[in-house]
Amino acid sequence: MKSGGMDPVLSTVRLTVREAVHTLSSSEDGGCIFSTLGSLKRYLGETENPALPEEQEEFARIHFSTFLRCLVGKLSPDWLELLPDGQLEELWASFFLEGPADQAFLVLMEAIEGAASPSFRLMKMARLLARFLSAGRMAAVMEGQCRQQMEPAFPLLQETLLSKVVGLPDHLGNRLQRENLAGFFPQNYFPLLGEELLRALQVVVESLRGGLDCSVSFLSQVLGKACVHGRQKELLGVLVPRLTALTQGSCLWQRVCWRLVERVPDRAMEAVLTGLVEAASGPEVLSRLLGNLVMKSKKAQFVMTRKLLFLQYRYTTPVLQSLLGYLAMDSQRRPLLIQALKELLETWGSSSAIRHAPLAQQHYISKAILVCLAHLGEAELQDCRDELLASLMAGVQSHLDSSLPAVRRLGMIVAEVASAQIHPEGPPLRFQYEEDELTRELLALATPQPAANSPSEAGPPVAPVTAETPNKETVSSGGPQAQSEGSDSELDSDDEFVPYDMSGDTELRSSKAPVYVRDCVEALTTSENWERWEATLWALEGLIFRSPAATQEVSVELAKVLLHLEEKTGVAGFEGLRQRALVAVTVTDPVRVAEYLTTQFYALNYSLRQRMDILDVLTLAAQELSQPWRRRKPPQQGPPGPGPQPGSPATPAWRAVVEERIRSKTRRVSKGSAGQGPAADPNKFNSVAGYFFFPLIQHFDRPLVTFDLLGDDQLVLGRLVHTLGALMYLSVNTMVAVPMGKALLEFVWVLRFHGDAYVRQGLLSAVSSVLLSVPAEQLLADLPDELLEAQSWLADVAQKDPDEDCRTLAIKALLLLEKLRDKLLPPPPP
Amino acid sequence: MPLAPGTSHTSDFAGRSWSEAWTEGRDTPGDCILPSMAPPPPPPDPQFVLRGAQSAVHALHFCGGAQGQGQPLLLSGSLHGLVHIWSLQTRRVLATLDGHTGKCVTWLQTLPPGPQLLSQGRDLRVHVWDLAEGRNAIVDSVCLESVGFCRGSILACGPQRWMLAMPGKGGDEADSSPLPLLLAGYEDGSVALWDVSARKVCSRVACHEEPVMGLDFDSQKARGVSGSAEKALAVWSLDEQRALQVHRTHQLTNPGVADVRIRPDRRLLATAGWDHRIRVFHWRTMKPLAVLAFHSAAVHCLAFATDGLLAAGSGDQRISVWSLYPRM
């Protein structure tokens with residue numbers, strides 16, 4: 001429709017361009033070329049006598065790309081030297097830098113791709129592109145796309161432009177290889193792109209102010225594509241802080257920003273949102289940048305309420321806080337928060353999730369729940385209270401059932417906080433767990449206000465200081481006071497009072513403990529005299545070691561009494577004393593006591609605690625037996641020595657004086673090693689290892705009325721597996737190691753798909769101890785099939801197990817297996 | 001004879017414990033080890049031990065040699081009601097007084113001017129004995145109404161005038177000079193300051209959770225210390241307004257303090273422990289100096305002589321006499 005009236009203009013422009021192209025291709029005369037180019041420059045405007053606007057438009061629309069390609073084609077060292085001082089090059093470059101930016105950019109990229117590498121032309125074009133970028137022309141490229149919305153823009157062109165803009169570092173990197181310029185490195189280019197994006201946005205905002213329509217859709221696409229390419233950090237690191245500042249007081253900027261994120265294509269939405277959530281410094285900022293995006297875009301809602309909460313767990317706590325805080329900030333978005341809390345609690349409480357999800361994810365979900373609860377008011381919680389309580393209670397149950405202490409603790413903390421929030425009028429739930437950094441972090445999440453404003457957060461560190469100062473003051477005030485008191489000179493000499501050795505000042509125990517092991521049995525069973533009972537407990541271990549023969553006479557009886565002993569008085573360290581005594585009995589008479597203990601382990605009517613005690617005692621006793629020198633140290637808990645006779649304690653001091661004098665006067669010809677090393681000693685565990693091991697491994701699959709190892713009592717099963725592994729490890733170098741290893745590998749094979757992580761950890765360490773304890777030749781000769789099976793299982797666990805410790809253990813076992821093979825591979829010398 | 005100290009002659013070296021000999025050996029010139037770097041010396045031994053009380057010793061009192069005969073005496077009261085008078089020179093019993101009908105003697109005190117002795121027993125009587133010129137006769141007695149563990153206290157107001165404080169319903173004692181003020185420790189763990197002439201309590205402070213077993217007061221520093229059945233000593237002070245204030249507490253290893261005594265020169269504090277041990281502190285700083293583990297039963301009472309000698313009586317029927325940090 002244009003062509004009819006505009007014909008003369010069009011033909012003029014076409015003629016001029018054709019002439020110029022002809023001159024360029026044929027002429028060798030620098031001056032002529034210069035003037036031709038100068039005449040075409042008129043069409044770009046910005047000269048003294050620019051061409052008519054229609055002519056400029058015509059040139060830009062139809063002829064510019066062609067002409068630029070022609071210019072690229074002419075590029076050679078000789079051609080540029082037709083005129084001195086690089087005048088020609090300057091003029092040549094100005095067409096790229098001043099003409100319509102999108103076309104110039106495309107031609108530049110095209111030329112770079114087309115140039116042979118490495119070549120003069122390639123480097124020239126690359127430098128020109130670098131100038132193009134540093135001159136801020138990329139903003140012009142993007143602005144152009146923003147304005148074009150009226151025309152049905154060529155989708156193909158825009159697509160090409162988009163991929164070239166975002167893929168520029170890749171293209172240039174590929175073409176230039178080692179010659180690449182610093183400006184094209186992604187870590188430099190994307191921040192620049194961010195700046196340019198901002199400038200383009202600035203122009204958009206300006207023109208919107210001026211009443212012009214604009215579209216940010218191209219900018220959104222650039223943003224999306226760059227984020228999909230994994231450049232969130234570089235791009236958003238520049239964009240978000242500036243946008244945060246710009247949207248502070250300006251509604252227009254906020255709207256442009258919302259629009260920018262809204263128009264991001266769905267497939268890039270996740271990348272953009274995760275980047276934004278991570279880069280934004282808090283819920284308010286996020287809310288300013290996103291607006292009600294989650295309500296408008298299904299994809300955004302999915303990303304924000306599901307993907308970031310349930311499917312990923314690598315984000316830090318502040319990110320989680322700003323994400324959930326964003327949901328909580330607007331009344332429209334709050335239902336989403338409640339929905340998220342419901343789903344979080346459901347996931348948290350699902351026993352399958354507890355068993356199969358990695359601990360880090362469970363931790364993440366717990367944090368999310370606590371943050372949600374901190375944001376929700378009582379009234380909102382009231383509406384869905386029953387639902388929440390139901391999943392909470394189920395979750396607490398399954399958490400407390402877990403055999404991993406960390407999981408149990410998570411359950412306790414979340415249960416405490418959540419029940420207080422959901423059911424405030426009920427009795428508060430209190431658990432006992434030890435405080436550490438993790439629990440403190442979690443509990444701090446439950447109260448969002450201190451975390452939000454920093455001054456009150458700075459409060460706690462101040463508190464201990466102030467708490468300490470009065471302490472110091474009393475000390476220092478005590479000082480001057482003492483000095484003023486001491487000013488009468490006679491007291492100054494008091495400081496010369498040298499304290500005597502006070503190491504003997506220990507806690508006093510009544511020394512009524514029995515002297516014979518046999519009496520201990522009676523003292524512990526007849527529970528009339530508490531002091532005697534306590535003293536017996538304290539003295540028992542020492543007595544047993546001092547009189548092994550006497551102990552052997554009553555060993556089983558004593559073990560029975562100790563196993564059933566209950567803490568009746570508040571003896572400090574009761575558990576430890578009882579355990580040490582039991583271990584001592586077991587070490588003194590291993591065969592009979594181990595037989596007794598292992599049968600009791602599978603007997604009726606024991607508590608889980610007692611069964612686990614049995615396992616611990618067996619392990620510790622095996623350890624002592626296999627390392628006898630550990631026992632050489634004198635028993636620590638002997639009764640306090642009899643009152644020193646006057647004169648006798650002085651003897652050591654006197655002897656020390658004499659020995660010191662003798663030493664100083666004596667010359668020694670040679671000095672032997674002063675201390676004697678541990679004496680060689682047969683492994684006492686050798687002969688008894690079987691008594692410890694086989695009774696334990698035999699009956700695990702026979703459930704009793706009160707005790708079902710393969711059912712509910714996973715915790716004990718886990719302990720059993722760990723104990724078996726430890727026993728295996730301790731029977732290294734014993735005769736019985738081979739049959740033990742065989743039995744243990746079979747045992748492991750049966751349980752290898754157990755659902756409980758603690759049990760699996762035990763199985764894996766058991767495999768490792770088999771590999772360590774059984775001699776390599778025997779392993780290969782007797783257990784080749786089991787080894788092969790174990791290897792494939794280990795490889796599987798190392799890759800797929802949800803528990804991190806399990807994976808590590810599996811890798812360790814695999815390494816051991818590898819080492820074993822290496823040891824056997826070099827053929828023995830004939 | 002450089003090795004002589006180590007071989008025998010315990011009696012010859014009565015004044016020097018082995019630890020002192022050891023310290024001297026280390027401090028000879030040329031030995032470059034700094035005293036503070038050396039390991040702490042082993043705890044000292046008693047200077048001598050008095051045996052023969054034949055039952056647990058519950059009261060001790062030094063009777064200075066300043067008076068006439070010039071012979072320092074130690075008086076001890078036993079569980080079975082006997083009062084023994086020991087000569088510190090011969091270390092033998094000089095006389096035995098039997099006046100409490102076999103009930104425990106809990107407090108002994110001589111009256112300042114003459115050889116008169118007050119003894120308090122659990123037969124609820126306080127006897128006044130005349131000990132002059134070898135006599136040992138009861139000249140007077142006072143009946144008490146309290147069966148507690150509390151001991152009496154005496155204040156000499158002038159020649160031949162004494163004020164005797166005796167427990168009514170329980171408490172422990174000490175005194176302070178210009179006006180008749182009385183410190184009493186109570187079974188509820190508090191210490192109270194009484195104005196005796198006005199007959200009212202000036203100040204009361206709760207120092208312990210358990211009954212106060214013994215207290216002593218340093219009137220020059222206006223500071224006192226009390227021990228109780230619990231694991232801590234309390235040091236309290238008295239200000240100008242006659243208000244008591246807990247200054248600090250000092251934790252002990254074992255519970256139970258039967259008696260506390262400040263040495264007359266106000267430099268050492270000794271405590272008698274139910275844990276069989278005597279603990280010695282630097283009184284000004286409360287720095288622990290020694291733990292004397294000699295006795296094999298609870299230590300019930302302590303006494304300091306004017307020359308600094310410390311005597312401790314214990315349930316093991318022995319009285320140990322110590323010379324610690326003699327005055328320089």
Side-chain angles (χ1 to χ4, degrees), chain A residues 470-471 473-512 531 572 639-662 664-665, chain B residues 2-3 5-7 10 17-19 21-23 25-26 35-36 38-46 48-49 220-221 223 247-248 252-256 265-268 273-277 279-285 287-297 316 320 324-325 327-328:
Chain A
N471 224 339
E473 267 168 14
T474 53
V475 170
S476 58
S477 71
Q481 194 188 337
Q483 294 226 322
S484 64
E485 280 173 357
S487 56
D488 45 344
S489 60
E490 58 126 350
L491 288 178
D492 288 346
S493 59
D494 288 2
D495 298 331
E496 290 164 24
F497 285 177
V498 181
Y500 290 103
D501 180 19
M502 281 174 285
S503 56
D505 188 17
T506 50
E507 282 195 35
L508 186 76
R509 312 200 171 282
S510 53
S511 48
K512 282 183 249 161
E531 283 202 351
Q645 267 86 60
S648 77
T651 321
W654 150 76
R655 186 160 288 156
V657 175
V658 175
E659 278 171 5
E660 177 64 32
R661 286 186 188 163
I662 290 174
S664 62
K665 298 269 193 296
Chain B
L3 296 186
T7 49
T10 20
S17 69
W18 297 122
S19 60
W22 161 246
T23 320
R26 302 291 302 197
S36 63
D45 297 317
F48 54 85
V49 179
Q220 207 172 70
K221 294 202 190 87
R223 244 171 17 123
H247 188 60
R248 61 188 285 186
L252 303 175
T253 318
N254 290 308
D265 64 358
R266 298 182 307 278
R267 293 164 74 180
L268 288 187
W274 292 354
D275 61 350
H276 316 174
R277 290 169 203 159
R279 283 159 217 280
V280 181
F281 298 87
H282 186 217
W283 168 231
R284 182 159 58 81
T285 59
K287 173 173 135 187
L289 292 176
V291 175
L292 308 173
F294 167 77
H295 288 287
S296 55
D316 64 1
S320 55
L324 297 167
Y325 304 103
R327 285 181 234 185
M328 280 150 265

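In what follows, chains are A, B, ... by sequence order, proteins preceding strands, each numbered from 1.
Only the side chain of B:Arg279 comes within less than 4.5 Å of a heavy atom of chain A; its backbone N, CA, C and O stay farther away. With a 4.5 angstrom heavy-atom cutoff, B:Pro255 does not touch chain A via any of its atoms. Contacts between B:Leu292 and chain A at a heavy-atom distance below 4.5 Å are absent for every atom of the residue.
Listed by chain and residue number, A:Met502, B:Lys287, B:Leu289 satisfy the side chain to side chain contact (heavy atoms under 4.5 Å, CB included) test with A:Pro499 (two or more places apart in sequence, or in another chain).
Using a 30° and 60° split on the angle between ring planes, A:Tyr500 and B:Tyr325 fall in the tilted class, from 30° to 60°.
Of all the heavy atoms in B:Pro42 and A:Asp501, the pair that sits closest is CA-CB, 4.0 Å.
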